[in-house]
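Here's the structure, in structure tokens; my notes come after.
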Amino acid sequence: MTASSVAVATGFLRLPSLQKTSILFNRQRNLTNKSSVRPISISASSSELPEYVGKFWKWLGDQGVVSGKSVAEPAVVPEGLGLVARRDIGRNEVVLEIPKRLWINPETVMSSKIGPLCGDLKPWVSVALFLIREKYEEDSSWRVYLDILPESTDSTIFWSEEELAELKGTQLLSNTLGVKEYVENEFTKLEEEILLPNKGLFSSRITLDDFIWAFGILRSRAFSRLRGQNLVLIPLADLINHNPAITTEDYAYEIKGAGLFSRDLLFSLKSPVYVKAGDQVYIQYDLNKSNAELALDYGFVESNPNRNSYTLTIEIPESDPFFGDKLDIAETNGMSETGYFDIVEGQTLPAGMLQYIRLVALSGSDAFLLESIFRNTIWGHLELPVSRSNEELICRVVRDACKSAMSGFSTTIEEDEKLLEEGKLEPRMEMALKIRIGEKKVLQQIDQIFKDRELELDVLEYYQERRLKDLGLVGEQGEIIFWE
């Protein structure tokens, strides 16, 4: 392999970096100070509720949404606020139903006073602006709902610089900073295009902190992936908390018609498990989120090692002389110029990762596989080692990247685990430790996988050997077959 081919290939793996930052708003989060959740018996008497929560409950009653027959009600719980069963609730039983007139979504914004200004805004930006404006309007019709919303959560977007420093070396830190930069850029555009030219529509000057607050509220509380609704806040329903013991997302919530002869819509929330009277009602937020995503979105992490992951970012460099051919092959097989691969603690490498990285590393004498004659079969060939030089290169590049990422941490796994065992930690510090430990364990796992592969380089079977066997020119023991 030439020096130039190594230079091209070694530029294909980037870490750590901003990984797949998704500005989507999934299931919600209430203010939390716990990294895990457990059922707890609570007296749900409204007389014990804070005044602002009592007013919210009364407002819902005035709206005809709740009554003495309601099966659950707000309560103070370890996470902040939650929903507690007033009687036993069966599995898949409806806990609450909220009519569309009480939802906050882009339609709500468009029918408000600022609606004419929001037509060209991203949906989440328009809803964020609506929340902030209503928050500062003393006579807002949403006042009682806005009053129950937290001023912040434990999401990393609300962490101080000192707290973020505890995430040094993690992908969560780079993702958090990337999200904050994105939000800041959106606010700058909003300020220039909407806020400054229309000061008269806003009773108070809206700041970046206000905008980050609204973003955090949406990121942690908004429902998405609903019929016709990709971003919607549902008062009362957004008090539902997460429990890792619930391992299904099925049947938790849906949008349905209000009745046979009604065109109205209802948001219906069901309990995925049986709940005893006095216990908190929970759902599963998202089975597929990593601990870093849970920390960024909701402000908590789990002890489940399956939540620990690290994302390898592999890209085809534009400087690669075979860039066009490689990109065409990647796109033909459902991939693109950049591949993101989430490696999870205790699990095998994700499907397609070795094929993609072998493709990106193809060079020199292996480049014949990029010819058009192989276009329909190359992905299958890449499932197995191509050549010793190709396999050796990908092992070296991945291992070097892991070492580089590990060097970004200021502590070892053992030091972090000792701090965790000592206890008496602030919730955010505990989260930071668990994130650091989790990411480092996965990096060690990735390094070990490719270290083991390096030890097998002399015994692996490569493309040319497989091809000769297919042609009957090499025996099962690798001996050359001759004919008289």
**Message:** Is any side-chain heavy atom of I217 closer than 4.5 Å to one of F215?
**Reply:** no
**I206 and F187, any side-chain heavy atoms less than 4.5 Å apart** = yes
**Qualifying residues under side-chain contact (heavy atoms from CB on, under 4.5 Å), relative to Q355, sequence neighbours excluded** = W379, L382, E383
**Message:** For a quick check under 3.5 Å, do N390 and D366 share a side-chain donor-acceptor pair by atom type?
**Reply:** no
**Fill in**
When every non-hydrogen atom of R307 is compared with those of K289, the smallest separation belongs to NH1-O, 2.7 Å
**Message:** Is the shortest side-chain heavy-atom distance between L236 and L83 below 4.5 Å?
**Reply:** yes
**Prompt:** S155 side chain to L296 main-chain N or O, any donor-acceptor pair under 3.5 Å?
**Reply:** yes
**Item:** Spacing of I234 atom CD1 and I240 atom CD1 [to the nearest 0.5 Å]
**Value:** 13.0 Å
**Item:** Pairwise side-chain contact, K440 with D416, heavy-atom cut-off 4.5 Å (strictly under)
**Value:** yes
**For T188, side chain to side chain donor-acceptor pair (under 3.5 Å) partners two or more places apart** = none
**Request:** For L233 and P235, work out which heavy atoms get closest and say how close.
**Result:** O-CD, 3.6 Å
**Request:** Would you tell me whether Q280 and Y282 have side-chain atoms, one donor and one acceptor, within less than 3.5 Å of each other?
**Result:** yes
**Message:** I'd like to know if E421 pairs up with K418 as an ion pair, taking the criterion as any Lys NZ or Arg NE/NH1/NH2 lying under 4.0 Å from an Asp or Glu carboxylate oxygen.
**Reply:** no
**Message:** Is any side-chain heavy atom of F300 closer than 4.5 Å to one of H242?
**Reply:** yes
**Item:** Donor-acceptor side-chain pairing of S387 and S389 below 3.5 angstrom
**Value:** yes
**Item:** Over 12 foreign heavy atoms within 6.0 Å of CD, E93
**Value:** yes
**Item:** Pairs flagged by ring pair (Phe, Tyr, Trp, His ring centres under 6.0 Å) wherever residues 342-362 is involved - sequence neighbours left out
**Value:** F341-Y356
**Message:** Test of understanding: with salt bridge (charged side-chain N to carboxylate O under 4.0 Å, His left out), list the residues that count as partners of K451, not counting sequence neighbours.
**Reply:** none
**Asked** What distance separates L265 CG from K100 NZ, expressed to the nearest 0.5 Å?
**Response** 5.5 Å
**Asked** Taking the side chain from S404 and the backbone from A401, do they hold a donor-acceptor pair closer than 3.5 Å?
**Response** no
**Message:** Is the shortest side-chain heavy-atom distance between S174 and L177 below 4.5 Å?
**Reply:** no
**Request:** Quick one: list whatever passes side-chain contact (heavy atoms from CB on, under 4.5 Å) with E318, sequence neighbours left out.
**Result:** F323, E337
**Message:** Just to verify, what does L384 make a side-chain contact (heavy atoms from CB on, under 4.5 Å) with, not counting sequence neighbours?
**Reply:** R466
**Message:** Is it the case that the side chain of E417 and the backbone of E414 share a donor-acceptor pair, with hydrogens and angles ignored and the cut-off at 3.5 Å?
**Reply:** no
**Prompt:** About how many Å separate CG of D342 and CG of L349, when rounded to the nearest 0.5 Å?
**Reply:** 12.0 Å
**Message:** I'd like to know if the side chain of W159 and the backbone of D154 have a donor-acceptor N/O pair within less than 3.5 Å.
**Reply:** yes
**Prompt:** Can you list every salt bridge (Lys or Arg N to Asp or Glu O under 4.0 Å) pair that touches residues 348-361, not counting sequence neighbours?
**Reply:** R358-E391
**Request:** State whether the side chain of W213 and the backbone N or O of I132 hold a donor-acceptor pair below 3.5 Å, judged by distance alone.
**Result:** no
**Complete:** Scanning both residues in full, the closest heavy-atom pair of L190 with F211 reads CD2-CE1, 3.7 Å
**Item:** Counterpart residues, salt bridge (charged side-chain N to carboxylate O under 4.0 Å, His left out), relative to E193 (two or more places apart)
**Value:** none
**Request:** Please check if the side chain of D400 supplies one atom and the backbone of V397 the other of a donor-acceptor pair under 3.5 Å.
**Result:** no
**Prompt:** Between Q445 and G346, is there a donor-acceptor pair closer than 3.5 Å when you use the side chain of the first and the backbone of the second?
**Reply:** yes
**Message:** Determine whether a donor-acceptor pair (N or O, by modelled atom type, separation under 3.5 Å) exists between the side chain of K326 and the backbone of L362.
**Reply:** yes
**Prompt:** How far apart are the closest heavy atoms of I283 and K270, and which atoms are they?
**Reply:** CG2-O, 4.2 Å
**Item:** For I157 against V179, the heavy-atom pair lying closest together
**Value:** CG2-CG1, 4.2 Å
**Prompt:** Nearest 0.5 Å, what's the CD1-OG1 distance between I449 and T348?
**Reply:** 8.0 Å
**Closest contact, heavy atoms only, R428 versus S152** = NH2-OG, 4.3 Å
**Asked** Residues two or more places apart in sequence or in another chain: which of them pass side-chain contact (heavy atoms from CB on, under 4.5 Å) with L117?
**Response** I194, N198, L201
**Prompt:** Can you list the residues that meet the salt bridge (charged side-chain N to carboxylate O under 4.0 Å, His left out) rule with D328, with sequence neighbours excluded?
**Reply:** R375
**pair I212-F158: side-chain heavy atoms closer than 4.5 Å** = yes
**Chi angles and distances behind the salt bridge (Lys or Arg N to Asp or Glu O under 4.0 Å) call for K189, E186** = CA-CA 5 Å; K189 288 192 293 184; E186 289 297 320; 3.3 Å; yes
**Request:** Run the salt-bridge test on E430 and K434 with the 4.0 Å N-O cut-off and return the result as yes or no.
**Result:** yes
**Message:** Please report whether the ring centroid of Y463 lies less than 6.0 Å from that of F368.
**Reply:** yes
**Request:** Check salt bridge (charged side-chain N to carboxylate O under 4.0 Å, His left out) between E331 and all other residues, then give those that pass, not counting sequence neighbours.
**Result:** none
**Prompt:** Mind checking what makes side chain to side chain donor-acceptor pair (under 3.5 Å) contact with S410, not counting sequence neighbours?
**Reply:** K168
**Asked** Are R436 and E166 close enough for a salt bridge, meaning some N to O gap below 4.0 Å?
**Response** yes
**Prompt:** Side-chain contact, heavy-atom cut-off 4.5 Å: F374 with H381?
**Reply:** yes
**Request:** Evaluate the salt bridge (Lys or Arg N to Asp or Glu O under 4.0 Å) criterion for residues R399 and E454: first the C-alpha distance (whole Å), next the side-chain angles of each, then the deciding distance (0.1 Å), finally the verdict.
**Result:** CA-CA 10 Å; R399 293 199 66 198; E454 282 181 328; 2.8 Å; yes
**Request:** Give a yes or no answer on whether the side chain of T156 reaches the backbone of L172 with a donor-acceptor pair at less than 3.5 Å.
**Result:** no
**Item:** Atom CG of N376 with >12 non-hydrogen neighbours under 6.0 angstrom
**Value:** no
**Request:** Start with the C-alpha distance between N306 and E345, add both sets of side-chain angles, then the distance that settles side-chain hydrogen bond (donor to acceptor under 3.5 Å, both in side chains), and finish with yes or no.
**Result:** CA-CA 6 Å; N306 290 334; E345 184 179 346; over 6 Å; no
**Item:** Whether E302 side chain and N304 backbone form a donor-acceptor pair below 3.5 Å
**Value:** no
